[in-house]
Undergrad: 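Would you mind keeping the following structure in view while I ask a few things?
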Amino acid sequence: MALKLPVSSAGLLSLLVPCLLAFVLLRFSALLDPGAAVPRVKRSPPLPLRFRHDGAFKILQVADMHFGNGAATRCRDVAPEVGGARCSDLNTTRFLRRLIEAERPDLIAFTGDNIFGGSATDAAESLLRAVSPAIEYKVPWAAILGNHDQESTMTREELMMFLSLMDYSVSQVNPPGFLVHGFGNYHVGIHGPFGSRLVNTSLLNLYFLDSGDREVVDGIKTYGWIKESQLAWLGATSRELQQNSPAPALAFFHIPNPEVRELWYTDFKGEYQEGVACSFVNSGVLGTLVSMGDVKGVFLGHDHLNDFCGNLNGIWFCYGGGFGYHAYGRPHWPRRARVIYTQLKKGHRSWMGVESIQTWKLLDDENLSKIDEQVLWRHSDDDSYQSVYL
């Protein structure tokens, strides 16, 4: 179960006082010695995140970058025309820059295996280089971990702490006031545009979850899975948010839940080219999401050759598709990214709630080709959200 911890004013003050004292002493020492190193403050995006003046919010999902050591790290499974021996992590960086310039996303979601631990000699340096385009373009971004990130020089906790402290990151190590399994479980709310009556209301909720890496169950090796304490936190957070201001939600985690395999027998959209690699432990992720009622789409990584969207019990499960050039792929099957585009409904005098959630993919080819565009949800499909904003 997720345990909520009481936070007293005295306890909070006891934490703040040493931090403030340390900051004052550092600033004072800098005045005495101008040449001394001064701690650098994180550059944060304007918070809370919010829909644009045109009522849109665009998320760029980047799955499985598998970043190594930059130019020294060779590509895998690429066609000769992509560059052959000259192809490296720099191709991954170039692709991300092209996408940012072309799409102007409001948020980038890095959904795990951001670095490939076996190739990254310094995890911190590799992570910084992997997400550097987001920082350069001052785009807010959120990250979760996959099953390879921790295989270099940092633990999963250290990785999430580092990610949370980087410029323009909205990532969190874990939710305040709860004890949950793993690192990288958090919620981000997207508020209404400036000038609208919903400026202080979250109109879209994003849930980020740590699906773990690898585990051993009864002597058998398997992939990680989302644990009971995480699901308890997720359900409690959803209930609280919906009581205050009902809104649709999206979820992001790396390793798929076992039910995603069943999408092979459905009318999915996209490519289903490899078996779904997941844990043989079914912890009830799908049941929890269905019972919550607010999650309309789940966005996954892990299986690079899958980029499909399929519907399970009213919730769309979508793969991002392999993004990174050091990740395994398939020659003549371009690396790709997913875009999630959310649009508000326009009322007579102001913006209302979310009208639609759409998605498509962009290929790393000459034209950044756009494929498999589809609508995941419209508010007319669920009147419970429409009534809140009328």
Undergrad: Please report the C-alpha distance between Val216 and Ile220 in whole Å, then the side-chain angles of each, then the deciding distance to 0.1 Å, and finally whether the side chain to side chain contact (heavy atoms under 4.5 Å, CB included) criterion is met.
TA: CA-CA 5 Å; Val216 177; Ile220 303 174; 5.8 Å; no

Undergrad: Check each of His148, His302, His254 against Tyr223 using the ring pair (Phe, Tyr, Trp, His ring centres under 6.0 Å) test, and report the only one that passes.
TA: His302

Undergrad: Quick check against the 3.5 Å criterion: does Arg338 have a side-chain atom that pairs as donor or acceptor with the backbone of Gln61?
TA: no

Undergrad: If you measure only the distance, is there a donor-acceptor pair under 3.5 Å linking the side chains of Asn205 and Ser202?
TA: yes

Undergrad: Would you call Glu103 and Arg98 a salt bridge, taking side-chain N to carboxylate O under 4.0 Å as the test?
TA: no

Undergrad: Is Leu90 reachable from Phe323 through a run of hydrophobic residues whose side-chain heavy atoms are each under 4.5 Å from the next?
TA: no

Undergrad: So, Glu355 and Arg378, do they make that salt bridge, N to O below 4.0 Å?
TA: no

Undergrad: Answer yes or no: is there a donor N or O on one side and an acceptor on the other, between the side chain of Glu271 and the main chain of Leu305, under 3.5 Å?
TA: no

Undergrad: Check the pair Ile357 / Tyr341 against side chain to side chain contact (heavy atoms under 4.5 Å, CB included), numbers first and verdict last.
TA: CA-CA 6 Å; Ile357 301 172; Tyr341 182 82; over 6 Å; no

Undergrad: Is there a donor-acceptor contact under 3.5 Å from the side chain of Asp89 to the main chain of Gly68?
TA: yes

Undergrad: Checking the side chain of Trp225 only, and the main-chain atoms of Val281 only, is there a donor and an acceptor separated by less than 3.5 Å?
TA: no

Undergrad: Can you check whether Pro175 reaches Thr237 side chain to side chain, under 4.5 Å on heavy atoms?
TA: no

Undergrad: For the residue pair Arg97 and Tyr137, would you count it as a cation-pi contact if the rule is NZ or CZ under 6.0 angstrom from the ring centre and within 45 degrees of the ring axis?
TA: no

Undergrad: So, using ring pair (Phe, Tyr, Trp, His ring centres under 6.0 Å) as the criterion, who are the partners of Trp141 when residues are at least two apart?
TA: Phe110

Undergrad: Working note: Val354 + Trp377, criterion side chain to side chain contact (heavy atoms under 4.5 Å, CB included); need CA distance, chi angles, decisive distance, verdict.
TA: CA-CA 10 Å; Val354 172; Trp377 180 80; 3.7 Å; yes

Undergrad: Under a 3.5 Å distance rule, please check whether Lys296 uses its side chain to pair with a backbone N or O of Gly293 as donor and acceptor.
TA: yes

Undergrad: Can you check whether Gly301's main-chain N or O pairs, donor with acceptor, with Asp64's side chain at less than 3.5 Å?
TA: no

Undergrad: Checking salt bridge (Lys or Arg N to Asp or Glu O under 4.0 Å) for the pair Lys370/Glu373: CA distance, chi angles, key distance, verdict?
TA: CA-CA 8 Å; Lys370 180 179 180 179; Glu373 186 172 8; 3.7 Å; yes

Undergrad: Evaluate salt bridge (Lys or Arg N to Asp or Glu O under 4.0 Å) for Asp364 paired with Arg336, printing each intermediate quantity in order.
TA: CA-CA 6 Å; Asp364 191 16; Arg336 59 204 58 214; over 6 Å; no

Undergrad: One pair to check against ring pair (Phe, Tyr, Trp, His ring centres under 6.0 Å): Phe51 and Trp351. What are the steps and the verdict?
TA: CA-CA 10 Å; Phe51 283 82; Trp351 291 110; 8.8 Å; no

Undergrad: Which atom pair, heavy atoms only, marks the closest approach of Arg52 to Arg104?
TA: NH1-O, 4.0 Å

Undergrad: Could you check whether Asn174 and Asn185, counting side-chain N and O atoms only, form a donor-acceptor pair closer than 3.5 Å?
TA: yes

Undergrad: Would Asp372 and Lys361 satisfy salt bridge (Lys or Arg N to Asp or Glu O under 4.0 Å), going step by step from the backbone distance to the final call?
TA: CA-CA 6 Å; Asp372 293 340; Lys361 290 164 297 193; 2.6 Å; yes

Undergrad: As a quick check of understanding, evaluate salt bridge (Lys or Arg N to Asp or Glu O under 4.0 Å) for Arg156 and Asp213, giving each step before the final call.
TA: CA-CA 10 Å; Arg156 294 179 75 82; Asp213 51 282; 3.7 Å; yes

Undergrad: Could you tell me whether Arg43 sits above the aromatic face of Tyr168, with NZ or CZ closer than 6.0 angstrom to the six-membered ring centre and within 45 degrees of the axis?
TA: no

Undergrad: Which residues pass the ring pair (Phe, Tyr, Trp, His ring centres under 6.0 Å) test with Phe317, not counting sequence neighbours?
TA: none

Undergrad: Walk me through whether Phe252 and Tyr207 qualify under ring pair (Phe, Tyr, Trp, His ring centres under 6.0 Å).
TA: CA-CA 6 Å; Phe252 299 83; Tyr207 303 124; 9.7 Å; no

Undergrad: Salt-bridge test for Glu215 and Lys227: reply yes if a basic N is under 4.0 Å from a carboxylate O, no otherwise.
TA: yes

Undergrad: Given ring pair (Phe, Tyr, Trp, His ring centres under 6.0 Å), test Phe253 with Phe208 step by step and report yes or no.
TA: CA-CA 6 Å; Phe253 50 89; Phe208 295 87; over 10 Å; no

